Amino acid sequence: MIKKKLLTLSLALMLTSCSNYGTKPTTNSPSIMCPTGGPAVALSCMASSKKFETTSDPSLLMGYFGAENYDVIVAPTDVGIKAIKQGANYQLAATITFGNFYLVSTGLDNNSTIDEGDSIVLFQKNGLPDKIFHYIYGLDFETSITYVSNVAVAATSYQNKKVTTESGDKIDADYVLLSEPKLTALQIDEEKVINLNEKFEEKSGIARIFQASVFTKDSFEGAYAFLENLKNGIENMTQITQTAVKDYMNVVSDPQTFFGMTPELAQKCINKNNSLGIGFMYAKDAIPAIKNYLEIIGVGEINENYIKQ
């Protein structure tokens, strides 16, 4: 009986903590900018705050760092660190998504093994998906790679089993790099999927894919309370209830536009072994791993002053 009461109390406290920014916006709510997709879903417990904004164009994030108009900016970890190196007055506070990249077979490859000559479709040339693939597989398949602009085009290549090259030719596609929620939306069988997040961790030894992180402005006095509330909200949506994500996301009038996916799809991803890779880790608790990760993806060494203590 005591254990049940303690569990009930713990859940109540967790829900109340996140509700400060999630279901009961206050005048002290921080201003937040976040890209759509997994990062926005991770912050969904803040959804009712009128100061929470999202963008579907990640290329704008560097400009937001420079303008310094937001207390909190969520961005790919390497992008935020590069902004800090250029003088942005922010610190890396926590990571909230840890990789959602998957290499998928279209079924055209007879031996179901990636070999030299197999046609591979990647998206975002020189971006994070490209860097993750090359860290795992090296340069063995350079002549077999066709790049497309984004994951939506990659998903079309998977569905058509064809990809259009730079010269305009259409060729067969044996393997396609996808990210969530496209993988779940396409209902791809697990036996066709190679989990690149797991392969990255196996090869790196200690580094995880610190994909998207929270950066707090140096002058934001409420950073610690914000981070603790966010931590509780993420734990709630990934560990306790099976509808928390939908409940958080449905607070806004048009969740599909605001978050970049429907609440139903996001919840399905979370319930499917958390394939969006959502979690929470304070940067101060993972400094060696973060440094290793940033070196792997080409950011180089960083000053520990970039990380919020």
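Quick caveat, the model's predicted, so the values are computed rather than measured.
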K.L.:
For Phe259 and Ala47, which heavy atoms make the closest approach, and how far apart are they?
P.N.:
CZ-CB, 3.8 Å

K.L.:
Donor-acceptor check, side chain of Thr262 to backbone of Leu265, threshold 3.5 angstrom: yes or no?
P.N.:
yes

K.L.:
Taking only residues two or more places apart in sequence or in another chain, which ones pass salt bridge (charged side-chain N to carboxylate O under 4.0 Å, His left out) with Lys199?
P.N.:
none

K.L.:
Would you indicate whether the side-chain heavy atoms of Gln211 and Thr95 approach each other to under 4.5 Å?
P.N.:
no

K.L.:
Kindly list each side-chain donor-acceptor pair under 3.5 angstrom involving residues 298-309, sequence neighbours excluded, with atom names and distances?
P.N.:
from	atom 1	to	atom 2	distance (Å)
Asn303	OD1	Asn305	N	2.8
Asn303	OD1	Asn305	ND2	3.3
Glu304	OE2	Lys291	NZ	3.0
Gln309	NE2	Ile307	O	3.4

K.L.:
Of all the heavy-atom pairs spanning Phe52 and Cys34, show the shortest one and how long it is.
P.N.:
CE1-CB, 3.8 Å

K.L.:
Given side chain to side chain donor-acceptor pair (under 3.5 Å), test Ser167 with Asp169 step by step and report yes or no.
P.N.:
CA-CA 6 Å; Ser167 62; Asp169 297 326; 3.1 Å; yes

K.L.:
Would you name the heavy atoms of Tyr147 and His134 that are closest together and state the gap between them?
P.N.:
OH-CE1, 3.2 Å

K.L.:
Applying a strict under-4.5 Å side-chain criterion to I, L, V, M, F, W and Y, I'd like to know whether Val151 and Ile278 cluster together.
P.N.:
no

K.L.:
Side chain of Thr77, backbone of Phe210: donor and acceptor closer than 3.5 Å?
P.N.:
yes

K.L.:
Heavy atoms only: give me the nearest Glu68-Tyr90 pair and the separation to one decimal.
P.N.:
CA-OH, 3.3 Å

K.L.:
Of the options Ile194, Asn195, Asn197, Leu178, which is the one that meets Phe101 in a side chain to side chain contact (heavy atoms under 4.5 Å, CB included)?
P.N.:
Asn197

K.L.:
Does any N or O in the side chain of Thr97 come within less than 3.5 Å of the main-chain N or O of Gly99, such that one atom is a donor and the other an acceptor?
P.N.:
no

K.L.:
Run Asn273 and Ser275 through side chain to side chain donor-acceptor pair (under 3.5 Å) and show every step you take.
P.N.:
CA-CA 5 Å; Asn273 299 319; Ser275 58; over 6 Å; no

K.L.:
Backbone N or O of Lys192 within a donor-acceptor pair of the Ser105 side chain at under 3.5 Å?
P.N.:
no

K.L.:
Is the backbone N or O of Asp172 less than 3.5 Å from a side-chain atom of Ser119, with the two atoms forming a donor-acceptor pair by type?
P.N.:
yes

K.L.:
Does a sphere of radius 6.0 Å around CD in Glu53 hold more than 12 heavy atoms from other residues, nucleotides or ligands, not counting ones at 6.0 Å or beyond?
P.N.:
yes

K.L.:
Cut-off 3.5 Å, side chains only: do Glu190 and Tyr102 have a donor facing an acceptor?
P.N.:
no

K.L.:
Do you know the tightest heavy-atom contact between Val245 and Ala266?
P.N.:
CG1-CB, 3.8 Å

K.L.:
Main chain of Phe258, side chain of Thr54: is a donor-acceptor contact present, judged purely on distance under 3.5 Å?
P.N.:
yes

K.L.:
Applying the side chain to side chain contact (heavy atoms under 4.5 Å, CB included) criterion to Met261, which one of Met249, Lys182, Gln267 satisfies it?
P.N.:
Met249

K.L.:
For this output row, return yes or no: ring centroids of Tyr137 and Tyr135 closer than 6.0 angstrom.
P.N.:
no

K.L.:
Are any side-chain N or O atoms of Asn150 and backbone N or O atoms of Ala152, one a donor and one an acceptor, separated by less than 3.5 Å?
P.N.:
yes

K.L.:
Show your working on side chain to side chain donor-acceptor pair (under 3.5 Å) between Asp118 and Tyr175 and close with a plain yes or no.
P.N.:
CA-CA 8 Å; Asp118 288 340; Tyr175 295 91; 4.6 Å; no

K.L.:
Is the number of heavy atoms from other residues, nucleotides or ligands within 6.0 Å of NZ (Lys85) greater than 12?
P.N.:
yes

K.L.:
So, does Asn160 use its side chain to make a donor-acceptor pair with the main chain of Lys162 at under 3.5 Å?
P.N.:
no

K.L.:
Could you check whether atom NZ of Lys125 has more than 12 heavy atoms from other residues, nucleotides or ligands sitting under 6.0 Å from it?
P.N.:
no

K.L.:
Got a donor-acceptor contact below 3.5 angstrom from the Glu180 side chain to the Cys269 backbone?
P.N.:
no

K.L.:
Looking at every heavy atom in both Lys161 and Leu108, which two are closest together, and how far apart are they?
P.N.:
O-CD1, 3.7 Å

K.L.:
What verdict does the side-chain contact (heavy atoms from CB on, under 4.5 Å) test give for Tyr293 and Ile209, after you've listed the backbone C-alpha separation in whole Å, the side-chain angles of each residue and the deciding distance to 0.1 Å?
P.N.:
CA-CA 7 Å; Tyr293 168 75; Ile209 299 179; 4.2 Å; yes

K.L.:
Quick one: does Asp174's side chain have a donor or acceptor within less than 3.5 Å of a partner on Ile120's backbone?
P.N.:
no

K.L.:
Identify whether the distance between the nearest side-chain nitrogen and carboxylate oxygen of Glu264 and Lys268 falls below 4.0 Å.
P.N.:
no

